[in-house]
**Q** 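First the structure, which I've put down as structure tokens, then a few questions once you've had a look.
Protein chains get the first letters and strands the later ones, always in sequence-line order, with residue 1 at the start of each.
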Amino acid sequence: MTPFSFEWQWNIDYLLFMGLLYLALTIVGCGVGFALLKTVLQLFGFMRERHF
Amino acid sequence: MDSPTHSYGVKRCSPGVFFLWTLPWLGILAWGGLSAVLCLWKGLNQTNMSNVFAFALWIVFDLAVIALGAGAFFTGFLTYIVGKKELKDIINAAVIIGFICYSGAMAMLGIDIGQPLRGWFIFWHANVHSMLVEVSFCITCYLMVLTIEFIPIILENRTLQKVRELRLFGHNLHEIMAVFAATGTFLSFFHQGSLGGMFGVMYARPFAARGGFYIWPWTFFLFVLSAIAAGPLFTILCTKLTEFITRKKLVPDQAVQSLAKISAWLLSLYLVFKFIDTLGWANSLVPKAGLRFMDFYREGPYGFWMVVAELGICGILPAVILMIPKVRQQQGWLIFAGLLTCAGIVLNRFVFIIVTLAIPVMPFDRFWSYLPTWQEWGVGLAVVGYGFLLFSAAYRYLPVFPKEPELNPAAD
Amino acid sequence: MELNRRNFIKFLVGGVAGIHVTPLPWKLTDDSAIWTQNWPWVPVPPEGAFATESTVCTLCPGGCGIEVRKVDERTVKIEGRTDYPVNPGGPCPVGMGGLQLLCNEDIRFTRPMKRVGPRGSGDFKDITWDEAMEALRGRLAGLREQGRPEALVAIDGSPRGSTQALLLERLLMSMGSSNYTRIPSAEDTFWMAGILMQGNEGPMAFDLENADFILSFGSGLLEGWGAPGRVLNAWGMWRGEQKGKTRIVQVDSRASNTASKADRWVAVKPGTEAALALGLAHVLVTKNLYDRAFVRDHAFGFEPWESSDGKRRAGFKALLLEKYAPSKVSRMTGVPAAEIERLATDFARARAPLALCGKGKGDLNGSLYETMAVLALNALVGGINRRGGVLVHDKLPLDPFAAVEADAIASAGLRKGRLDGAGSATFPFAQSLVNRLPELVLKSRSTPVDTVLVLAANPLYTLPGSGAYRRMFEKVPFIVSFSPYRDETAMMADLILPDHVFLEKLQDVVWPSGLQYPLVGLSRPVIEPLYRTRHAGDVLIGLAKGLGEGVADNFPWENFEEALKERFKGIAEGAPGLTSFDGSTPPWETMASGGDIRADYESLDDLWEKMQSGGLWFRPAHAYGVRNGLFKTPTGRFEFFSTQIELALEEQSQHGGTDEVLARMGVSARGDEACMPHFEEASSGGDPAHYPLILVPYEMINLASGWIPSPPFLFKTIFDNQLLKQDSFVELNPETAAKLNLRQGQRVMVESPAGRIQARVSLFEGAAPGAAYLPLGLGHTAYDEFLKDKGANPNEIIEPARDPLSGLPAWWNTRVRLRRI
Amino acid sequence: MEKGPDHGKHRYGMVIDLDKCTGCGTCAVACAAENNVSVRQDESDKERSISWMQIFKITNGKPYPDTEVSYFPRPCMHCEEDGHGHHTSPCVTVCVATATKLDPNSGIVSQIYTRCIGCRYCQAACPYKARYFNWWDAYFPKGKGLDRYLTPEVSPRMRGVVEKCTFCHHRLMRAKTRAYAEDRREIEEDEYITACTEACPAQAITFGDLNNPKHRVSRLAKSPNAFRLLERLNTKPKVYYLSTKDWVRKLADNYLPDEFKPLS
């Protein structure tokens, strides 16, 4: 559901609930994105690989 | 190509033996597959669920495995956020068990709903006031997190490690695991809670209904507590079972004891709250509905023995066992207490689901009984089969137990 | 690029990831959900123009007005009518579900058929109407040629006095057969009691709505008695606007709906209602609470008198005083003596007390003496032809057709008389005795019956001792069924000439049962026949015409409608009435106006036309209180002592003693007592030592009765302690069950000397100890998956006993035992 | 959320007089016929059969001959918000896909079959068992002809969704359409009644707008004999019952010993 769905209501319940959901999704997305980006950068040599 | 059996300097059984080992689980999966196909093709009339038992065996399985799978998020929380380093030795197992439990539950839910193809309506037409929406959102997101947590473990497979891209990606993900662990903790907390909330908010079912804080009924917090108390114990039980089957020591005692100790405290805390909750409920909500506590325990087989079993035998007893360091350090007692706790948590979920529905609310209605069909058992047990298969495969091909080589130095 | 494993995996992963950034998965997800919302196997009812049409329900003798909602040519819903005086509102559940009897090809015959498999196999072959008509015509013509037209027998379940019934009887008479038999109902018992005590042939008319104390002797007011739409509506009124003004007392052995919802339930031992009625009469007499004026001026046989032969006759009062003192009645009925006294007092003190009879729905004939006892009780409180009492009517001036002109063959056949002995010395008051047919057919080597026509009846299912009917039908050479339904009897037929069902069929509804004023409803078709069925009336007329001279002459009409219209001649000419009802004031409120009704039509054509739109003719007027010249008995009075019974006995006494005659009639009373209402102990073939329980079959309003199948909707209202999968339940008092060591839900065999059926035990506090209750209307062996093999049919184990005097079947005196299985 | 129960324009409700009710079942049949509820081969499986208007039989439990039976016809109660903003109808609160809603303008709890995903949470939440899941597809086999009597006003349901009494919502639509066509904005009391109300031969059911003091229901609902099912659970049903019999009244809710107040 997005704020553009017809069921959407502009009240605190929706804002809180969906807000937190999208926040969680964003964090997870950013995390994965970050890891992907870092990998790509490392692959093309823009970043140094850390060795374990 | 190297045999993965010899990876990481650990020993694994021969492919033949492994194949034989998987056979019973594959059998269960086939049974479950057939059941699932029947249920999807012909509809839920294949089950013995009914308008009285709208929730039945599958939901009990779901809630049970999700509660038991709570080890993943809680161990993750302890490892990455609290910083209990010794738990790194068990976190992989916890994550995989969590992944199994959650993905299994999701699959079962997909069959359980009457219109699986419309399942996504939950997200698209969400009713944010429904606890089940909270559950669905959090479980789905958390399953994503679990998958992300699982990926680095998979990528540590020796064959995959040779692929540079994958290796790098795995490492990079692993580095920011704390972020995922934190998000996972948040999501998990809410869905474990809202699973409990699901029942607490049914205000017209006095047996399940509870008062609470803001939108969350007390069952919300009790379910979180009970899940994080039992989850780690279930992780311990799984590793103990693996150790028993492989006849190896896989996890250092320190990690196990650390988890067990935390579980003991949480279980005790849970029990305290559960007793307060039960007393409060029995003295406010129940009489307000015109009922007495004992009215709930005279229908069919569901007598007062359930309270004794759930809170006494499967509650106080294991809590006491686990609280005494000397006793919990003995493997037998530890396993015994773990089993009791897990059984107690399953019983708790059973009571909230089945007994709630079995007890009629209208005074002129009557008690109904329910027994699952083989199709229901099939789908339910398939999760067990799937769990054994996936965990066996993970154990075989992935470095699930980082301390395994250390604890089991190669003979040669 | 080289296709190696690595590239392949890359390709796969890339592909999967790639697809997800296209709209495809989203589109598929959406489409699949849309698909679930439009599954092709979920029906989509076609839209169309809405319309409503009114007609009259003919699913039971009650004849409620109904309105049918249509969408184009489809009927989609039945509602009650508010412009029909019988039922100012909803009909009963059977009528409400009636569309399921119209639209179900599995329970209907969609075209004429002839049997190809063995009898009962249901194996039929389609034939054309011409073939079908010719097959029957040939058979009947053959019988006439052989000079044995009397071998034609009809079993008719059409309502008493309906045009269709007249046509069938007429066909038989014209052919030369007197063997027209009818399925008995309470109407027959009422008719006999009316003849014997009042001398009137009009139907028993109960002025329910105007009564203020209703004492019902087992009449299932809430189980579908009379016209359910009328009675249930009255019930709502008694519990609503008129709260507290009308008291209802139910005499019943079981806590039925009526008993529970009544103001008082008088629990009697099953089958002792007559004793209670007489016990109450006793109290009225001893307490001097009876209507002395009525008894003195308008009744006969109450006080002692001296008959023409100089003998002193004791009379009804003496009988009451001698045999029915409350203490004695208490022993017979199980009702405490004090309660009998109190009830009698209350009854007599009411302004307009009314005692009702006709057990259950009134679909089963009752005990004649019991009906007489209840009528006598009404008479004692002066309730005959009084407002709120039992109204006395003459027959409607619905023209019977011109007398049948029998040709030589027919005359010869008619002279042979009736096979079943109705109207004979042994059964002087019966008009037909369908219950005697099986013994007659089965006892002779060559059956006297060649061809049986079955119309609107399912004797194989609805009559007691149904096994005997099966054996009878196996033996009869040729059976013709007009049934639109694939019922048990039709399954035995050789030829099926399917009739229309009620919404497709023009029918007259003559005087809904129990109604206090004359009314004839016109049930008009609201829909074109769905299948290749034909109106049974048209078929009968066509058949008669096909039989040529001699028979055809008696059928001058082109079709059924013409015949029907002709019957209204008498009404158009002689009985002023109304053809429309606006629903504002119920007729029973305005009836007291006496005979002052101006007809709202001028001629037969006008009447006929108006009836097409209003669907009824009725005469909401009654001359209350008039008693002079009312009773057409030999004495001209209301007869507590039936001189006609006496006469019948005297006539026969030449052939043997009166006692012998009475024994043949099944009457255990001797002498004068046999001419008066009295209590006859139920006699059963079962030895109480072996069969400890009395079987009481009961009717339910939410199951269809008679030959009509129950609409499947009704099964939603049947509880699972009434029917569970294939088992119906036998209700037992918990005490009785404990004695027999039976528990709730246990499967038992219910065994009577006549047979056995399987059921489950249902413990019910409201069941009389020592009795076993089984519902009627379940246990079909024909029809479709909704009805077939659902429960048990008690008729299978009811002993084919005869009611004393009337000779009709006795339903309530079979003894049974229960065996756990 | 802050809306109290009386805030909507209309609050359609029902009053069922149990003294008048004869348990005949016409309401249930009328309901099934009106709403295209399918009949299955085995309707004695009461756990899975569908009857929006379900009739419960009760007995006073006294031994012979003081036994009495009575009936509770039970449609959907169309529960409401509790007025304190704590919760709305038990089922509406829990529905995941907003497939069931409380219409603020009519007070009717609707059910959108094509939206329902069949999770059955609403069934668990409803103490009245007023909600029915379609364990099978609607039973109208081809060639049997049963689908000939289906009305186009209510769509037959597919398997896997929950259905329930809608207070014959389509009749409200019908009445409104007619009113609008006649240039009226409001409908009269008798223009919109449910199929069961119309069918009841004993006229035990009254239907109307509880918010309209002129409607019979609003007067009847205030009768001293009026009560609701499980009222103490605070579900705020809009279906009222009337009975003068204490044993019947007592069975409508749970009571601690000595809590029940008899009428007399």
**Q** Check each atom of Ser155(D) against the heavy atoms of chain C and say whether the ones under 4.5 Å are side chain, backbone, both or neither.
**A**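 Ser155(D) has no heavy atom closer than 4.5 Å to chain C.
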**Q** Under 4.5 Å, counting heavy-atom pairs only, tell me which of Asp17(D), Val69(D), Ile55(D), Asp19(D) racks up the most with chain C.
**A**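 Of the options given, most contacts go to Val69(D).
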**Q** Kindly assign one of parallel, tilted or perpendicular to the pair Trp39(C) and Trp41(C), based on the angle between their ring planes and the thresholds 30° and 60°.
**A**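 Ring orientation of Trp39(C) relative to Trp41(C): parallel.
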**Q** Relative to chain C, which segment of Cys200(D) carries a heavy atom at a distance below 4.5 Å: side chain, backbone, both, or neither?
**A**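 The backbone, not the side chain.
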**Q** Could you tell me which portion of Asn36(D) (side chain, backbone, both or neither) has an atom closer than 4.5 angstrom to a non-hydrogen atom of chain C?
**A**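 For Asn36(D), side-chain heavy atoms alone lie under 4.5 Å from chain C.
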**Q** Highest number of heavy-atom pairs under 4.5 Å with chain C: which of Met53(D), Arg157(D), Glu153(D), Lys245(D)?
**A**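 Among the listed options, the one with the most contacts to chain C is Glu153(D).
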**Q** In terms of heavy-atom contacts, does NZ of Lys250(D) have more than 12 from other residues, nucleotides or ligands at under 6.0 Å?
**A**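 Atom NZ in Lys250(D) is not crowded, with 12 or fewer foreign heavy atoms closer than 6.0 Å.
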**Q** Rounded to the nearest 0.5 Å, what separates atom CD1 in Ile78(C) from atom CD in Glu67(C)?
**A**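 Answer rounded to 0.5 Å: 11.0 Å.
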**Q** Using non-hydrogen atoms and a 4.5 Å limit, figure out which bit of Pro46(C) sits close to chain D: side chain, backbone, both or neither.
**A**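 For Pro46(C), the contact with chain D is made by the backbone alone.
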**Q** With a 4.5 angstrom heavy-atom cut-off, could you sort out which part of Lys70(C) is near chain D: side chain, backbone, both or neither?
**A**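 Neither the backbone nor the side chain of Lys70(C) comes within 4.5 Å of chain D.
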**Q** With only heavy atoms counted, which part of Val37(D) is less than 4.5 Å from chain C, the side chain, the backbone, both or neither?
**A**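 Looking at Val37(D), backbone and side chain both touch chain C.
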**Q** Checking heavy atoms, do the side chain of Ala204(D), its backbone, both or neither come under 4.5 Å from chain C?
**A**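 Neither the backbone nor the side chain of Ala204(D) comes within 4.5 Å of chain C.
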**Q** From the options Leu732(C), Asn721(C), Asp720(C), select the one residue that forms a side-chain contact (heavy atoms from CB on, under 4.5 Å) with Ser762(C).
**A**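 It is Asn721(C); the other options fail the test.
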**Q** To the nearest 0.5 Å, what is the distance between CG on Leu703(C) and CG on Leu723(C)?
**A**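 Rounded to the nearest 0.5 Å, the CG-CG separation comes to 8.5 Å.
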**Q** Counting only heavy atoms closer than 4.5 Å, note whether Pro711(C) contacts chain D via side chain, backbone, both or neither.
**A**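 Looking at Pro711(C), nothing touches chain D.
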**Q** Where does Lys62(D) contact chain C at under 4.5 Å (heavy atoms): side chain, backbone, both or neither?
**A**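 The backbone, not the side chain.
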**Q** Measure Arg40(D) against the heavy atoms of chain C and call it side chain, backbone, both or neither at under 4.5 Å.
**A**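 For Arg40(D), backbone heavy atoms alone lie under 4.5 Å from chain C.
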**Q** Please look at Val68(C) and chain D and tell me whether the side chain, the backbone, both or neither of the residue comes under 4.5 angstrom of a heavy atom of that chain.
**A**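 No part of it gets close to chain D.
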**Q** With chain C, which of Val154(D), Thr59(D), Leu146(D) has the greatest number of heavy-atom pairs at distances under 4.5 Å?
**A**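 The candidate making the most pairs under 4.5 Å is Leu146(D).
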**Q** Mind ranking Leu222(C), Asn104(C), Thr36(C) by heavy-atom pairs under 4.5 Å with chain D and telling me who comes out on top?
**A**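 Result: the option with the highest number of such pairs is Asn104(C).
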**Q** Would Glu163(D) and Tyr113(D) count as a side-chain hydrogen bond (donor to acceptor under 3.5 Å, both in side chains) if you check the C-alpha gap in whole Å, the side-chain angles of each, and the deciding distance to 0.1 Å?
**A** CA-CA 7 Å; Glu163(D) 62 180 71; Tyr113(D) 315 122; over 6 Å; no
**Q** Does the ring centre of Tyr241(D) sit less than 6.0 Å away from the ring centre of Phe72(D)?
**A**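 Yes: the rings meet the under 6.0 Å criterion.
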**Q** So, are Arg174(D) and Glu34(D) salt-bridged, with charged N and O less than 4.0 Å apart?
**A**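 Looking at Glu34(D) together with Arg174(D), the answer is yes, because their closest N to O distance falls below 4.0 Å.
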**Q** Taking the six-membered ring for Trp, are Phe167(D) and Phe207(D) ring centroids under 6.0 Å apart?
**A**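 For Phe167(D) and Phe207(D), the ring centres are under 6.0 Å apart.
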**Q** Please state whether the side chain, the backbone, both or neither of Ser256(C) comes within less than 4.5 Å of a heavy atom of chain D.
**A**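 Only the backbone of Ser256(C) comes within 4.5 Å of chain D.
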**Q** Apply salt bridge (Lys or Arg N to Asp or Glu O under 4.0 Å) to residues Arg108(C) and Asp784(C) and explain how you reach the verdict.
**A** CA-CA 10 Å; Arg108(C) 288 191 61 179; Asp784(C) 62 351; over 6 Å; no
**Q** Between Cys196(D), Cys168(D), Cys165(D), Cys27(D), which is the residue that forms a side-chain contact (heavy atoms from CB on, under 4.5 Å) with Pro75(D)?
**A**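 Exactly one pass, corresponding to Cys165(D).
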**Q** Pick one of side chain, backbone, both or neither for Ser38(D), based on which atoms fall under 4.5 Å of a heavy atom in chain C.
**A**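 Contact with chain C: backbone only.
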**Q** When heavy-atom pairs shorter than 4.5 Å are enumerated against chain D, which of Leu787(C), Thr717(C), Asn257(C), Ile701(C) gives the highest number?
**A**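 Between Leu787(C), Thr717(C), Asn257(C), Ile701(C), the count favours Asn257(C).
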**Q** Flag yes if more than 12 heavy atoms outside Glu528(C) fall under 6.0 Å of its CD atom; otherwise flag no.
**A**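 No.
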**Q** If we ignore angles and hydrogens, is there a donor and acceptor under 3.5 Å between the side chains of Ser253(C) and Lys269(C)?
**A**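 The answer is no; no qualifying pair exists.
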**Q** So which residue, Trp235(C), Phe719(C), Phe715(C), ends up with the most heavy-atom pairs under 4.5 Å with chain D?
**A**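 Top option by heavy-atom pairs under 4.5 Å: Phe719(C).
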**Q** Between Ala33(C), Gly229(C), Pro91(C), Ala255(C), which residue shows the highest count of heavy-atom pairs closer than 4.5 Å to chain D?
**A**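 The option with the most such pairs is Pro91(C).
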**Q** So for Leu99(C), is it side chain, backbone, both, or neither that comes closer than 4.5 Å to the heavy atoms of chain D?
**A**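 It is both, since atoms from each part get that close.
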**Q** So Glu198(D) and Lys77(C), salt bridge (Lys or Arg N to Asp or Glu O under 4.0 Å) or not? Walk me through it.
**A** CA-CA 12 Å; Glu198(D) 182 172 1; Lys77(C) 179 78 193 300; 5.8 Å; no
**Q** Under a 4.5 Å heavy-atom cut-off, does chain C meet the side chain of Gln203(D), its backbone, both or neither?
**A**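 Only the side chain of Gln203(D) comes within 4.5 Å of chain C.
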**Q** Tell me if the CD atom of Gln242(C) is crowded by more than 12 foreign heavy atoms within 6.0 Å.
**A**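 Counting neighbours around CD of Gln242(C), more than 12 heavy atoms of other residues, nucleotides or ligands fall under 6.0 Å, so yes.
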**Q** Between Ser51(D), Ala28(D), Gly23(D), Cys24(D), which residue shows the highest count of heavy-atom pairs closer than 4.5 Å to chain C?
**A**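 Ranked by contacts with chain C, first place is Cys24(D).
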**Q** Regarding Arg254(C) and the six-membered ring of Tyr698(C), is the cationic atom NZ or CZ under 6.0 Å from the ring centre and inside 45° of its axis?
**A**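 Geometry flag: set, cation within 6.0 Å and 45°.
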**Q** Let's test your reading of the structure: which of Gly160(D), Pro141(D), Ser49(D), Ser70(D) forms the most heavy-atom pairs below 4.5 Å with chain C?
**A**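 Of the candidates given, the most pairs with chain C belong to Ser70(D).
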**Q** What part of Phe140(D) lies closer than 4.5 angstrom to a heavy atom of chain C: side chain, backbone, both or neither?
**A**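 The side chain, not the backbone.
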**Q** Decide whether a cation-pi geometry holds between Lys57(D) and Phe764(C); the criteria are a distance under 6.0 Å from NZ or CZ to the six-membered ring centre and an angle within 45° of the ring axis.
**A**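 Pair Lys57(D)/Phe764(C) counts as cation-pi.
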**Q** Tell me, side chain or backbone of Asp137(D) under 4.5 Å from chain C's heavy atoms, or both, or neither?
**A**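 Contact with chain C involves the side chain of Asp137(D) alone.
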**Q** With chain C, which of Asp66(D), Thr26(D), Ile50(D) has the greatest number of heavy-atom pairs at distances under 4.5 Å?
**A**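 The residue among Asp66(D), Thr26(D), Ile50(D) with the greatest pair count is Thr26(D).
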**Q** Go through the atoms of Ala767(C) and report whether side chain, backbone, both or neither lie under 4.5 Å from a heavy atom of chain D.
**A**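 Backbone of Ala767(C) only, per the 4.5 Å heavy-atom cut-off to chain D.
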**Q** What part of Val76(C) lies closer than 4.5 angstrom to a heavy atom of chain D: side chain, backbone, both or neither?
**A**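 Both backbone and side chain.
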**Q** If you count heavy-atom pairs under 4.5 Å with chain D, which of Asn733(C), Leu530(C), Leu714(C) comes out on top?
**A**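 Ranked by heavy-atom pairs under 4.5 Å with chain D, first place is Leu530(C).
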